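Values reported hereafter were calculated over all heavy atoms of this structure, with side chains retained and with hydrogens, waters and symmetry mates removed. This is a predicted model, so every value here is computed, not measured.
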Amino acid sequence: NDLAGRDAAIDLGVSGARFKDLYLSGGIKLGGTGAANTISDYEEGNWTAVVGTGTATASNASYTKVGRIVTATLQISAFSDRSSGTSINIAGLPFGSISGRHGGSLMSRYVNNSDNQVYVSNTSISIYGNSSGSWSQLLHSDLNNSGSELYISITYQTA
């Protein structure tokens, strides 16, 4: 074999002369040859976010899935319910999560409790705060202005 002494020494393309497209029938193996080193799926797209109580305007709801890892983002505003004691839950994530907790980041404005964290369970997002030392869900009544907005980014593992 002419490649026997060339392991890890061959480049495909260079900065000034790149390949255009690559079509594979298998997967991409990174760092090894085993199944655990194979990326066999890549997908990106948009998803439809739905609040559990009332209505809201969702925008920039997109996702990227590489293998079993999903990163989803969302901007949500114009909540019709800003007075009930119902927890804010956002459904519609494009892939269900494996069991266990998956956290994410949240930026918010016009929200009473600003110490909030994002949690994914299956295809829904919940928001929890820890301002009093115990976990409690963010409620619709915590949205204190018609301009209340949530910017969410979550990364989780799917089955």
Side-chain angles (χ1 to χ4, degrees), residues 18 21-159:
R18 300 170 291 162
D21 293 313
L22 179 63
Y23 300 95
L24 302 173
S25 61
I28 299 171
K29 303 206 182 279
L30 298 173
T33 59
N37 299 86
T38 303
I39 297 175
S40 58
D41 181 33
Y42 176 88
E43 182 178 336
E44 56 185 46
N46 298 313
W47 60 285
T48 302
V50 179
V51 291
T53 302
T55 60
T57 300
S59 57
N60 302 317
S62 63
Y63 71 89
T64 302
K65 180 178 181 281
V66 180
R68 294 175 53 197
I69 303 299
V70 179
T71 298
T73 59
L74 167 69
Q75 175 185 351
I76 192 162
S77 60
F79 290 86
S80 67
D81 178 6
R82 293 188 319 277
S83 60
S84 77
T86 306
S87 302
I88 296 175
N89 289 303
I90 303 165
L93 283 169
F95 303 95
S97 66
I98 62 169
S99 63
R101 296 184 175 159
H102 305 277
S105 63
L106 170 75
M107 182 174 73
S108 62
R109 85 177 179 157
Y110 301 120
V111 176
N112 287 339
N113 181 357
S114 62
D115 184 24
N116 293 301
Q117 302 297 317
V118 181
Y119 168 78
V120 170
S121 176
N122 197 13
T123 59
S124 295
I125 296 172
S126 299
I127 301 165
Y128 285 84
N130 187 14
S131 61
S132 63
S134 62
W135 294 105
S136 59
Q137 281 193 276
L138 184 68
L139 307 177
H140 282 271
S141 58
D142 291 325
L143 304 173
N144 62 27
N145 185 289
S146 62
S148 295
E149 291 182 285
L150 305 175
Y151 296 84
I152 297 169
S153 178
I154 186 82
T155 298
Y156 63 97
Q157 190 173 14
T158 188

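- Proximity of Leu30 to Asn37: side-chain heavy atoms (C-beta onward) are nowhere separated by under 4.5 Å.
- Proximity of Ser80 to Thr55: side-chain heavy atoms (C-beta onward) are separated by under 4.5 Å at one or more points.
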If you apply the rule side chain to side chain contact (heavy atoms under 4.5 Å, CB included), what do you find for Val111 with Leu143, and how did you get there? CA-CA 5 Å; Val111 176; Leu143 304 173; 3.9 Å; yes

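- For the pair Asn60/Tyr151, no side-chain contact is recorded, criterion being any heavy-atom separation below 4.5 Å from C-beta on.
- Contact annotation: the side chain of Ile127 never approaches that of Gln137 to less than 4.5 Å [non-hydrogen atoms, C-beta and beyond].
- Using a 4.5 Å heavy-atom threshold, the side chains of Ile98 and Thr158 count as separate.
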With side chain to side chain contact (heavy atoms under 4.5 Å, CB included) as the criterion, how do Ile152 and Ile90 come out once you've worked through the C-alpha distance, each side chain's angles and the decisive distance to 0.1 Å? CA-CA 11 Å; Ile152 297 169; Ile90 303 165; 3.8 Å; yes

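- Counting only heavy atoms from C-beta outward, the side chains of Tyr63 and Phe95 approach each other to under 4.5 Å.
- Residues Leu93 and Val70 fail the side-chain proximity criterion, which asks for heavy atoms closer than 4.5 Å.
- For the residue pair Thr73 / Ser153, no side-chain donor-acceptor distance below 3.5 Å is found, with atom types taken as modelled.
- Checked against salt bridge (Lys or Arg N to Asp or Glu O under 4.0 Å), Arg109 has the following partners two or more places apart in sequence or in another chain: Glu149.
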Does the pair Ile69 and Gln157 meet the rule for a side chain to side chain contact (heavy atoms under 4.5 Å, CB included), with working shown? CA-CA 5 Å; Ile69 303 299; Gln157 190 173 14; 4.2 Å; yes

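- Taking 4.5 Å as the limit, every side-chain heavy atom of Tyr119 sits out of range of all side-chain heavy atoms of Ile154.
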